[in-house]
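Take a look at the structure below.
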Amino acid sequence: MGETKPKSNDLHAMRHSAAHVLATAIQHLWPHAKFGVGPVVENGFYYDVDLGKDKLSEDDFGKIEAEMRQIKAANQKFEHFTVPIDEAIDWAQEKHQPYKQELLNDLKRAGTTVAKDLDNAELGLAATGAGKLEKASFYRNGDFTDLCRGPHVASTGKLGAIKLLRVSGAYWRGNEGNSQMQRVYGIAFETDKELKQHLVMLEEAKKRDHRKLGQELDLFLFSDLVGSGLPLFTPRGTLLREELAKYSNELRESYGFTKVWSPHITKKELYETSGHWAKFGDELFLVKSQETKDQLVMKPMNCPHHTRIYASRARSYRDLPIRYLETATIYRDEKTGELGGLNRVRSVTQDDSHIFCRQDQIEAEINNMLQAAHELYATVGMGLRVRLSYRDESDDYLGPKELWQSAQKQLKAAVVANKLEYFEQEGEAAFYGPKIDFMATDAIGREHQLATVQLDFVQPERFGLEYIAEDGNGQTPVMIHVALLGSIERFLSVYIEHTAGRFPVWLAPEQVRIITLNDEKATLGYASKLQGQAKELGLRVSIDDSNESVGKKIRASELMKVPYAVVIGDKEIKSNKLVPRVRKDMVVQERTTPMGIEEFLKTVANEAKGRVNKSSL
RNA sequence: GCCGACGUAGCUCAGUUGGUCAGAGCGGCUGUUUUGUAAACAGCGGGUCGUGGGUUCGAAUCCCUCCGUCGGCUCCA
């Protein structure tokens, strides 16, 4: 969650002021409170506070909000003033505000409080701030004064609808080595109505939570005995993930990729060569051989393996590009606190792909992959925009800087040429190269990073990859890493919430449910004949012949979000026709007249084959 | 890993000044019913209250350990 562009300056100022008033209220209730920073974030604001031995909890929100309402009702003016920076530092010392004092010292020294700019200032690079600051900006309302650049609204009476949402831990200045403060989050809108709408959206998000739906729709689970971050997939969940993987595989095959396979454990030397060991060694699962002296690891990615396949024979410039795909499960020992549902797991299945190509082929290859990503996200019905992820000035990256410069330029050129909506961000690159990250937008407007295309000049070099060029000399190929779904687990977490579990026919674990009206032989026989026909067409069809009312069986089918339900009784048996019940989100035009059973099954089979989202019934 | 909250049947949850507090609904099973598009009726099972320890005459309830979940922070090849 970064600082985001406000919808309007007024709203931004209001949220800023809300943070200020939150601090005012906390100061009133806990006079010894020490304050960190209180910026505006998406939909609201937060303030970092340190209450010493006291701890804030959500139980305190009632009284804090009450205090904030009082301050609002008092309609205190926000007075803006500036003081010489040294006086400001004295003020912070006198008021026992060590965090503010630290910020002020940074302002005095480098004109900024932003960690990255501070580093740059220390490295002698130009800080984005305007150099040393002479004066510090303050806002005062009533008895409370706070260091703040603003802007603020005119008075506390101008505050809109505010609600505190949660409190959590946050390291001072985002640094793991620093002390931990408490971060109080709030949301703020101009009107009560907007606030309510936002709360409704949060409720909707909760209803769609993939962990909840994963349980309700019987898709996946976690077991304490298996371990955290290690999901197990039920038959339904497995069908879903395999259909997705199959689609990604087919799509990439249509772009000239061929499948390869690599083992799940590998000697650690492979990752020492690639550079991963130095950077991610502590996140690898170790495997010890009892036969040899080898130190093995569970593989955390496939790219080094694919370089071995490339290097297994001499390559000519004529052979390139060579494109490998492998949808494989990899293992990363993520820190426990970072795990969450399917979003972040320790066993990750990537639809991983690697292109080995010549410099002059990069553009065409990137173009293809941009197109493939768009095709895939159009199919699953999610919008895309692109983030160009560049390196920053730190030493966390391998390879010569000039190469990075040109690689970043090439990526941008491809994105521009494809007329994609994009934004650029430094510090988001992989250690071996810049990336194009695709941000997918879900049905309730949230963005998620899923697909990625990464340029890599480093690993081919480190692995000594080569091809023989036209002139007979050895050349180093370029490697392009591509994942379209990203990780299947993560994609599922997003996709389940995007669809709220209402999967299109091609992905629905159960596509058609046959509901019997009674348990007469003729009915059961007909139902099972129907199921047989459907299976021949490749459909996933189940029969509910339980001793329950039709109403209840329909309800059960709806709750499992099965796309089609058909009731079989005498009418259907006599006429050989039926009126399918279509899941509401798929209906284009409601059908009331019966249709032939053959026609029904063929239509559904075609929908599945065509991977369409709507029903043509 | 860090800060905080939490962990009661398959699921959703009730149960705190420590003492008939081990409960409900749904699901499951059995029987009756043979059903026409979002819940027929009745009965029956089912939990060492996450784990291990401690305090106490007595612990789901209080304390500690560990495991796990959730919200953040940090990280994300």
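In what follows, every chain begins at residue 1, and chains take the letters A, B, ... in the order their sequences are listed.
When distances are taken from the side chain of A/L559 to each of B/G72, B/A38, B/A77, the shortest belongs to B/A38. Listed nucleotides B/G71, B/U37, B/A77 differ in distance to A/E572; the shortest reach to its side chain belongs to B/U37. The side chain of A/K279 lies closest to B/C76 when the candidates are B/A38, B/G68, B/C76. Checking B/U32, B/G72, B/G1 against the side-chain heavy atoms of A/E338 singles out B/G1 as nearest. Closest to the side chain of A/H276, from the set B/A38, B/G1, B/A77, is B/A77. Side-chain proximity of A/E176 to B/A77, B/C70, B/U74: nearest is B/U74. Ranking B/U37, B/U69, B/C73 by closeness to the A/S228 side chain, first place goes to B/U69.
In this entry the distance linking CD of A/Q215 with C1' of B/G10 reads 8 Å, nearest Å. Straight-line distance from the CG atom of A/L51 to the C1' atom of B/C3: 13 Å, rounded to whole Å. When the P atom of B/U33 is taken as reference, atom CD of A/E548 falls 15 Å away, rounded to whole Å. Rounded to a whole Å, the CD atom of A/Q180 is 14 Å from the P atom of B/G1. Here B/G72 presents its P atom at 11 Å from CZ of A/R183, a figure rounded to the nearest Å. With rounding to whole Å, A/K335 atom NZ is found 10 Å from B/C2 atom P. Here the C1' atom of nucleotide B/A39 and the CZ atom of A/R555 are 5 Å apart, to the nearest Å. Computed from coordinates, the A/K574 NZ to B/G36 P distance equals 15 Å when rounded to whole Å.
Two residues are said to be in side-chain contact when any heavy atoms from C-beta on lie closer than 4.5 Å; A/V566 and A/F600 meet this criterion. At least one side-chain heavy atom of A/R591 sits under 4.5 Å from a side-chain heavy atom of A/T593.
The aromatic rings of A/F491 and A/Y495 sit parallel to each other, their planes meeting at less than 30°, with 60° as the upper class boundary. Using a 30° and 60° split on the angle between ring planes, A/F431 and A/H276 fall in the perpendicular class, above 60°.
For the pair A/R15 and A/F45, the NZ or CZ position fails the cation-pi test of under 6.0 Å to the six-membered ring centre and within 45 degrees of the ring normal.
When the P atom is used for both B/G4 and B/C13, the distance is 25 Å, rounded to whole Å. Across the P atoms, B/C62 and B/G10 are found 24 Å apart, a figure rounded to whole Å. If you take atom P in B/C21 and the same atom in B/G36, they sit 44 Å apart, rounded to whole Å. Going from the P atom of B/A60 to that of B/U55 covers 16 Å, rounded to whole Å. Taking atom C1' on both nucleotides, B/C49 is separated from B/A22 by 8 Å, rounded to a whole Å. Rounded to a whole angstrom, the distance from the P atom of B/C57 to that of B/G45 is 37 Å. A distance of about 24 Å separates the P atoms of B/A59 and B/G46, rounded to the whole Å. For B/U20 and B/U30, the P atoms lie 36 Å apart once the distance is rounded to whole Å.
Between the side chain of A/N547 and the base of B/U32, at least one donor-acceptor pair of N or O atoms lies under 3.5 Å. Residue A/E283 places a side-chain atom within donor-acceptor reach of the base of B/A77, judged by atom type and a 3.5 Å distance cut-off alone.
Each of A/E520 and A/K55 has a nearest nucleotide on RNA chain B; the 5'-most of these lies closest to A/K55. For A/S549 and A/Q182, each mapped to the nucleotide of RNA chain B holding its nearest heavy atom, the one lying further toward the 5' end belongs to A/Q182.
For the residue pair A/S389/A/D437, the side-chain donor-acceptor check at 3.5 Å is satisfied. With 3.5 Å as the limit, one finds no donor-acceptor pair spanning the side chains of A/S546 and A/K553. Looking at A/T307 and A/Q459, their side chains never bring a donor and an acceptor atom within 3.5 Å of each other.
Using a 4.0 Å cut-off between charged nitrogen and carboxylate oxygen, A/D60 and A/K55 do not count as a salt-bridge pair. A/R513 has a carboxylate O that lies under 4.0 Å from a charged side-chain N of A/E510, or vice versa, which qualifies the two as a salt bridge.
A/K552 has a side-chain polar atom (N or O) that falls below the 4.0 Å cut-off from OP1 or OP2 of B/G27. Between A/R581 and B/A38, a side-chain N or O to OP1/OP2 separation shorter than 4.0 Å is present. At the phosphate of B/G4, neither OP1 nor OP2 sits under 4.0 Å from any side-chain N or O atom of A/R166.
Both stacking criteria are satisfied for A/F280 over the base of B/A77: a centre-to-centre distance under 5.5 angstrom and an angle between ring planes under 30 degrees.
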| When Watson-Crick pairs (N1 to N3 and N6-O4 or O6-N4) and G-U wobble pairs (N1-O2 and O6-N3) count only below 3.5 Å on both distances, what is the dot-bracket string of RNA chain B, with | for other-strand pairs? | (((((((..((((.....[...)))).(((((.......))))).....(.(((..]....))).))))))))....
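In this structure, A/D224 reaches the sugar-phosphate backbone alone: every heavy-atom distance under 4.0 Å involves primed, P, OP1 or OP2 atoms, never a base.
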